[in-house]
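All values reported here derive from a predicted model rather than from experimental measurement. When a residue number appears, it is its place in the shown sequence, counting from 1.
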Amino acid sequence: MYARYIKITFKDKLAKEMMITYSNSVADAEGIKNGLLLRFTIDQSELTAILVLVFANYEDFNNDHKNVALPVIESCRNQGLKVELADGNVVGDIAASTKLVEFLKKKGTFYHVWKYPPLNSPY
């Protein structure tokens, strides 16, 4: 697995809320197509948010970085926002509670992605 966090310090609360709304819709849908497994946002302070992204491997991360994340990161930096990035391989064992799936079913947004449409699909 490969993970990244993106910490952004915004100039105002509205800009932060707009970014969260964007990542909850457009960026998630596009990221999932590029191999994103999980994304969540940490509300660190009134003006700071941290996005955590998890991918199966570096190739998926890099694909998402080029096609989704990089344009957003560059846009933020061009607006004079402070953007901090860190990413790397997930090492050691991965621990997860069986309650995670239950929680995600209640609170998460699931995207179905397939390389080819199912046999019964009209597409």
Qualifying residues under side chain to side chain contact (heavy atoms under 4.5 Å, CB included), relative to D60, sequence neighbours excluded: F55, A56, N57
With sequence neighbours left out, write down each residue that passes side-chain hydrogen bond (donor to acceptor under 3.5 Å, both in side chains) with S45, or none if nothing qualifies. T48
Partner residues of E74 under the side chain to side chain contact (heavy atoms under 4.5 Å, CB included) criterion, sequence neighbours left out: L70
Listed partners of D43 passing side-chain hydrogen bond (donor to acceptor under 3.5 Å, both in side chains), at least two apart: K16
Which residues end up grouped with L14 if you chain together Ile, Leu, Val, Met, Phe, Trp and Tyr wherever their side-chain heavy atoms are less than 4.5 Å apart? M18
For N62, give me all partners under side-chain hydrogen bond (donor to acceptor under 3.5 Å, both in side chains), at least two apart in sequence or on another chain. none
Which residues share a salt bridge (charged side-chain N to carboxylate O under 4.0 Å, His left out) with K82, sequence neighbours left out: E84
Please, which pairs that meet ring pair (Phe, Tyr, Trp, His ring centres under 6.0 Å) have at least one residue in residues 6-53, sequence neighbours excluded? none
Going by salt bridge (Lys or Arg N to Asp or Glu O under 4.0 Å), name the pairs with one or both residues in residues 100-109, residues two or more places apart or in two chains. none
List the atom pairs, donor and acceptor, that lie under 3.5 Å between side-chain atoms in residues 87-95 and the rest of the protein, sequence neighbours left out.
unit_1 : atom_1 : unit_2 : atom_2 : d
D87    : OD1    : Y2     : OH     : 2.6
D87    : OD2    : R4     : NH2    : 3.3

For S75, which residues count as a side-chain hydrogen bond (donor to acceptor under 3.5 Å, both in side chains) partner, sequence neighbours excluded? Q79
Under the rule for side chain to side chain contact (heavy atoms under 4.5 Å, CB included), what residues qualify as partners of K13, not counting sequence neighbours? E17, E46
